[in-house]
Amino acid sequence: MSDFEKLAELLFPTILKTPEDYENLYPERGLKEGARVSRFSPSPTGYLHFGGLYAATASMLNARVTDGVFYLRIEDTDKKREVEGGVDAIVDGLNYFGLTVDEGVTGSDSEKGDYGPYTQSKRAEIYQTFAKDLVKKGLAYPCFCSAEELEEIREAQADEDIKGYWGKYAKCRDLSYDEIKANIDAGKLWTLRLKSMGDPENRIKFDDLIRGKIEMQENVIDVVLLKTDGIPTYHFAHAVDDHLMRTTHVVRGDEWIASVPLHIQLFKTLGFRPVKYAHIAPIMKEEDGGKRKLSKRKDPEAAVSYYVEEGFPQESVSEYILTILNSNFEDWRRANRDAELSAFPFNLKKMSVSGALFDMMKLIDVSKNVISTMTADRVFALSYEWAKQFNPDLAALYEKDTDYAKAVLNIDRGNKKPRKDIAKWSDIPDYISYMYDESFIPCFELTGNATPALAVEVLEKYRDIVDLDDDKDAWFEKIKSICEPCGCTPNVKEFKQNPEAFRGHVGDVSTVIRVALTGRTNTPDLYSITALLGKERVLNRIDGAIKFYGEEA
Ligand code: GLU
């Protein structure tokens with residue numbers, strides 16, 4: 001037995017498997033040519049961040065457009081940073097926004113797929129098997145340096161360009177088997193370090209699918225692979241995982257770019273086929289004329305729970321994410337109005353290098369469009385689910401009469417040009433407030449040519465002729481019929497030609513009625529509103545308005 005082999009046995013006496021065992025357990029996937037395997041591998045350190053959802057979407061689409069595999073891996077090797085419920089927050093967040101995984105973690109205690117376990121803390125034996133193999137090959141070694149010694153190294157390196165455990169600073173790199181054994185017998189703790197074969201003179205090049213060609217200095221640092229408790233660092237764990245899970249594309253945040261030379265080296269040292277990288281720039285936000293990163297601390301919209309609480313439907317958020325993921329999405333959407341999002345030919349190469357800009361107004365616009373094409377039943381169902389959790393008053397209103405609620409939501413829906421009043425479910429209480437006496441707030445402010453005196457005349461006449469059995473044409477004819485007796489014209493053109501001759505036109509007459517019935521000057525179709533309010537409420541509201549304007553006039 002060589003010294004390296006003896007050392008491997010000394011360090012990992014309980015590890016009996018070999019890398020080959022795992023290679024056989026997790027065979028090549030046998031997917032069709034060009035199919036990509038991509039993952040989302042967050043650490044369960046808190047809520048799901050909008051940037052995470054964005055990156056996960058990119059990674060998922062990258063797999064889907066090639067009929068590949070998208071999986072979720074939980075990277076929980078840093079137990080200090082883990083928060084309770086962190087895994088559920090990720091899984092629920094992905095589910096809510098319609099991101100489905102083909103494989104991987106599906107809950108805090110569940111997963112699916114043949115390449116698991118997909119949670120790093122359950123893979124200790126796998127990492128140690130590969131670590132043992134590196135030791136056996138002389139490619140990794142135990143380091144006994146204490147925190148104080150590492151601090152001394154840091155101090156001694158103040159003037160060095162390359163800082164870290166390397167070259168002459170790597171004190172434990174060349175310890176003999178006997179020295180190591182003596183340390184271990186003395187009960188000294190050890191970490192396992194990579195024996196880097198890098199040379200500071202060498203540069204490595206790689207092609208990032210988003211950023212293009214990148215050239216960097218080769219890694220020379222003997223990084224820690226396993227910590228003193230035998231738990232791997234992210235660098236080591238992800239290399240083993242991405243290989244054994246047969247990942248082809250690593251799509252992740254660009255804070256990892258600096259680590260790519262190390263990661264490429266790890267892949268090579270471990271004898272793995274390299275993956276392709278796509279590093280995603282952070283989401284930006286405009287502020288005070290400049291740009292800054294969307295911030296977990298400052299921006300409520302950075303947490304995906306914000307969209308859930310505000311009631312942005314999943315479809316809207318997904319559609320919006322696509323608009324900022326690929327610049328050609330909006331053109332595609334115009335040409336394919338009814339297509340499913342999954343039909344979009346997503347391309348990592350079309351992602352922004354400088355960082356996509358988050359724009360709330362744009363999200364609102366996108367969402368209004370999306371909601372305007374939904375049926376009333378769907379708007380009702382989704383907003384009712386939302387209301388049960390976040391707005392019990394709205395849920396109670398709905399429950400009083402669900403058919404009425406659906407009819408209210410159906411006003412102007414299904415038209416060629418549906419109205420775009422609702423961007424999120426939390427807009428609904430205000431949007432429908434005048435359709436319920438509980439929430440109707442009278443407001444008698446008039447616009448256009450209407451005056452209180454005209455309003456009294458219009459409303460008194462309207463009150464006498466309004467008939468809820470009228471169809472829309474008959475109803476509108478009646479509105480026109482009260483124009484002349486009130487000194488207005490039913491013809492807007494005529495009014496424009498000779499404004500002095502009239503007190504107003506049919507639009508002003510409608511406004512008076514609209515304001516009396518709804519407290520607003522802009523609403524969806526007034527005929528439908530009138531029909532749904534019913535005779536009693538219509539007359540009550542008209543009487544209230546006549547009283548108000550009578551006192552004003
Ligand atoms: N667990 C890493 C993080 O949360 C993910 C890095 C990766 O996707 O490879 O930052």
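Only this structure's heavy atoms are used, side chains among them; waters, hydrogens and symmetry mates stay out. Remember, it's 1-based here, ligands and their atoms both numbered in the order they're listed.
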Inset, instruction - If you have a sec, work out which protein heavy atom is nearest atom 6 (C) of ligand 1 and how many Å separate them, to one decimal? - result: Tyr234 OH, 3.2 Å

Inset, instruction - Heavy atoms only: give me the nearest Met374-Trp425 pair and the separation to one decimal. - result: SD-CH2, 4.0 Å

Legend entry - Any donor-acceptor pair under 3.5 Å from Ser426 side chain to Glu310 backbone: yes

Inset, instruction - Have a look at ligand 1 and work out which part of His238, if any, has a heavy atom under 4.0 Å from it: side chain, backbone, both or neither. - result: neither

Legend entry - Heavy atom of Phe40, distance to ligand 1 below 4.0 Å: no

Inset, instruction - Report yes if some N/O of Ser43 lies less than 3.5 Å from some N/O of ligand 1; otherwise report no. - result: yes

Inset, instruction - Check Asp174, Asp222, Thr191 against Tyr141 for a side chain to side chain donor-acceptor pair (under 3.5 Å) and give me the one that passes. - result: Asp222

Legend entry - Top protein contact for atom 8 (O) of ligand 1, by heavy-atom distance: Arg39 NH1, 2.8 Å

Legend entry - Full working for ring pair (Phe, Tyr, Trp, His ring centres under 6.0 Å) between Tyr71 and Tyr115: CA-CA 10 Å; Tyr71 71 86; Tyr115 289 79; 8.5 Å; no

Inset, instruction - If you have a sec, work out which protein heavy atom is nearest atom 5 (C) of ligand 1 and how many Å separate them, to one decimal? - result: Ser41 O, 3.0 Å

Legend entry - N/O separation below 3.5 Å, Glu75 to ligand 1: yes

Inset, instruction - Say whether, by atom type as modelled, one donor and one acceptor occur between the side chain of Glu149 and the main chain of Ser146 under 3.5 angstrom. - result: yes

